[in-house]
Visitor: 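Have a look at this one.
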Amino acid sequence: MERYYDAVPRSAARVEDFGPLSLFVREGEGWPYYARPALGHSGPAATAEDVRLVLARQRELGLPEAFEWVAEHDPLLRAAVEEAGLVVHEHPLLVLGPEDAAAGPAGPPDGVSVRVLAAGDPDLASAVTVPHLAFAEPGTGVGGAGTDELAAAAERSVADGSVARIAERIAAGRTVLAAAVQNGSALCAGQHNPVGPVTEVAGVGTLPSARRRGLGLAVTAALVAHARANGVRTVFLSAADEDVARIYRRAGFRPFATALIAEPAGTGPAGA
């Protein structure tokens with residue numbers, strides 16, 4: 001798992017060394033990365049001063065002041081980041097291992113197709129965009145944003161290059177995107193990002209007006225099926241909270257650790 005967390009950002013970022021900590025600095029456009037424990041570090045645990053050095057560098061580069069790590073692997077880091085003034089958010093980390101049986105839903109609702117999208121798929125723009133609308137209205141209840149809002153946001157995603165960046169990652173095999181599509185619009189989408197025998201399911205989000213229809217489970221099941229069909233042995237994900245974790249447990253995932261995200265007070269938890 002630690003090797004996976006270290007490997008994924010390296011495809012689009014450079015790594016700056018801060019002893020017990022590594023800062024991933026994205027090169028080019030896209031979502032900014034974070035700092036985390038350095039892979040294989042065997043010296044003293046990170047101190048609050050180590051954290052402050054990384055924070056200063058993040059501010060210098062105009063990056064979010066963010067750290068991510070697994071609590072059980074680096075239990076001493078939480079005290080250091082809190083002493084440095086950051087707030088820590090906890091997220092359940094769930095896994096579907098080689099011996100775990102996936103248990104997806106019976107199928108999507110009538111009129112909805114769930115599929116893995118190619119880089120040139122005509123529904124790619126809405127699939128890239130729908131999780132952003134989902135995370136803007138957190139929770140599992142039915143919300144306000146619908147297909148009109150999605151269409152407008154998808155146009156912006158095309159214009160700002162977000163869709164092209166995901167298409168490039170899909171073509172390179174670094175990202176697999178699945179979506180639940182109805183009438184030419186993705187109502188739910190998510191991705192997994194394989195590195196050898198491990199992958200993380202991330203960014204599964206349902207259009208707020210389309211919630212409570214089992215779409216998130218259907219998309220997750222499609223991602224797991226694709227991963228296992230392509231040699232992935234371990235699939236994991238972090239859930240926003242216990243309510244969301246219960247949904248993923250219905251797909252066969254089991255709790256095994258806690259993902260921690262540290263940010264300045266008032267920032268709010270990062271998307272998990």
Side-chain angles (χ1 to χ4, degrees), residues 1-71 73-74 76-78 80-89 91 93 128 131-132 135 157 159-175 177 191-196 198-203 236-238 259-272:
M1 191 70 68
E2 288 297 302
R3 287 193 296 271
Y4 178 91
Y5 278 129
D6 181 80
V8 167
R10 290 177 183 268
S11 65
R14 71 176 188 273
V15 184
E16 297 192 3
D17 178 26
F18 288 84
L21 300 170
S22 293
L23 173 61
F24 294 95
V25 182
R26 175 174 282 280
E27 298 190 309
E29 297 297 321
W31 192 259
Y33 288 115
Y34 41 78
R36 70 176 328 276
L39 181 67
H41 176 73
S42 58
T47 65
E49 183 56 31
D50 293 320
V51 174
R52 292 188 185 102
L53 289 173
V54 175
L55 291 172
R57 179 60 172 158
Q58 289 173 321
R59 287 192 290 269
E60 178 184 357
L61 295 171
L63 301 174
E65 298 171 32
F67 288 72
E68 297 187 15
W69 74 101
V70 177
H73 190 271
D74 293 276
L76 301 180
L77 184 54
R78 180 168 190 158
V81 299
E82 289 180 335
E83 184 179 340
L86 300 181
V87 175
V88 177
H89 308 283
H91 301 281
L93 202 55
V128 168
H132 297 284
F135 300 146
S157 295
D160 68 17
S162 298
V163 177
R165 286 192 291 273
I166 294 296
E168 181 180 348
R169 290 185 61 86
I170 291 172
R174 296 195 298 268
T175 290
L177 184 69
Q191 60 185 255
H192 79 86
N193 302 286
V195 177
V198 180
T199 195
E200 179 181 20
V201 171
F236 75 97
L237 58 84
S238 59
L260 299 182
I261 298 175
E263 301 169 308
T267 304

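Keep in mind that the numbers below use all heavy atoms, side chains included, and drop hydrogens, waters and symmetry copies.
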Visitor: Between Arg36 and Glu2, is a salt bridge (Lys or Arg N to Asp or Glu O under 4.0 Å) present by the stated rule, with each step listed?
Guide: CA-CA 10 Å; Arg36 70 176 328 276; Glu2 288 297 302; 3.0 Å; yes
Visitor: Can you tell me if CD on Glu82 sees more than 12 non-hydrogen neighbours from other groups inside 6.0 Å?
Guide: yes
Visitor: Are Leu86 and Leu55 packed together at the side-chain level, in the sense that at least one heavy-atom pair is separated by less than 4.5 angstrom?
Guide: yes
Visitor: What pairs of residues pass the salt bridge (charged side-chain N to carboxylate O under 4.0 Å, His left out) test when at least one of them lies in residues 16-25, not counting sequence neighbours?
Guide: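 Of all non-adjacent pairs touching residues 16-25, those that pass salt bridge (charged side-chain N to carboxylate O under 4.0 Å, His left out) are Arg14-Glu16, Glu16-Arg57.
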Visitor: Assess the residue pair Ile170 and Ile166 against the criterion (side-chain contact (heavy atoms from CB on, under 4.5 Å)); give the C-alpha distance rounded to whole Å, side-chain angles, the decisive distance to 0.1 Å, and a yes or no.
Guide: CA-CA 6 Å; Ile170 291 172; Ile166 294 296; 3.8 Å; yes
Visitor: So, for Val195 and Ala7, which heavy atoms are closest and what is the spacing to 0.1 Å?
Guide: CG1-CB, 4.1 Å
Visitor: Do the non-hydrogen side-chain atoms of Val25 and Leu61 ever get within less than 4.5 Å of each other?
Guide: yes
Visitor: Find out whether Leu21 and Leu77 are in side-chain contact, i.e. whether some heavy atom of one side chain is under 4.5 Å from a heavy atom of the other.
Guide: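 Answer yes - side chains close enough.
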Visitor: Which heavy-atom pair separates Val88 from Trp69 by the least distance, and what is that distance?
Guide: CG2-CH2, 4.2 Å
Visitor: Please determine whether salt bridge (Lys or Arg N to Asp or Glu O under 4.0 Å) holds for the pair Glu49 and Arg52, giving the CA-CA distance in whole Å, both sets of side-chain angles, and the decisive distance to 0.1 Å.
Guide: CA-CA 5 Å; Glu49 183 56 31; Arg52 292 188 185 102; 3.8 Å; yes
Visitor: Which value, rounded to the nearest 0.5 Å, describes the distance between Ser22 atom OG and Tyr34 atom OH?
Guide: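 Ser22 OG to Tyr34 OH: 11.0 Å, rounded to 0.5 Å.
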Visitor: With ring centroids as reference points, do Phe24 and Tyr5 lie under 6.0 angstrom apart?
Guide: no
Visitor: Would you call Ser238 and Glu200 a side-chain contact if the rule is heavy atoms closer than 4.5 Å?
Guide: yes
Visitor: Do Arg169 and Asn193 come close enough that some side-chain heavy atom pair is under 4.5 Å?
Guide: yes
Visitor: Is any side-chain heavy atom of Leu260 less than 4.5 Å from a side-chain heavy atom of Val70?
Guide: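 No. Closest side-chain heavy atoms not under 4.5 Å.
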Visitor: Are Thr47 and Asp50 side-chain neighbours, meaning at least one heavy-atom pair lies under 4.5 Å?
Guide: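 Side chain of Thr47 against side chain of Asp50, heavy atoms only: contact under 4.5 Å found.
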Visitor: Show, in sequence, the C-alpha distance, side-chain angles and deciding distance for Phe67 and Val54, and conclude whether the side-chain contact (heavy atoms from CB on, under 4.5 Å) test is met.
Guide: CA-CA 9 Å; Phe67 288 72; Val54 175; 3.6 Å; yes
Visitor: Is there a side-chain contact (heavy atoms from CB on, under 4.5 Å) between Phe18 and Leu23? Walk through the geometry before answering.
Guide: CA-CA 7 Å; Phe18 288 84; Leu23 173 61; 4.0 Å; yes
Visitor: Mind checking the CG-CZ spacing from Leu63 to Arg26? Nearest 0.5 Å is all I need.
Guide: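 Rounded to the nearest 0.5 Å, the CG-CZ separation comes out at 11.0 Å.
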Visitor: Between Gly19 and His41, which heavy-atom pair has the shortest distance, and what is it?
Guide: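 Between these two residues, the closest heavy atoms are O-ND1, 3.9 Å.
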Visitor: Please name the pair of heavy atoms, one in Glu65 and one in Pro264, separated by the smallest distance, quoted to 0.1 Å.
Guide: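 Glu65 and Pro264 have their closest heavy atoms at O-CD, 3.1 Å.
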Visitor: For residues Ala45 and Leu76, report the shortest heavy-atom separation together with the two atoms involved.
Guide: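 Looking at all heavy atoms of both residues, the shortest contact is CB-CD1, 3.8 Å.
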Visitor: When you compare the side chain of His91 with that of His89, does any pair of heavy atoms fall below 4.5 Å?
Guide: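 With C-beta onward as the side chain, the pair touches.
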Visitor: Working note: Phe236 + Val201, criterion side-chain contact (heavy atoms from CB on, under 4.5 Å); need CA distance, chi angles, decisive distance, verdict.
Guide: CA-CA 6 Å; Phe236 75 97; Val201 171; over 6 Å; no
Visitor: Taking all heavy atoms of Arg165 and all of Asp160, pick out the closest pair and write down the distance.
Guide: NH1-O, 3.5 Å
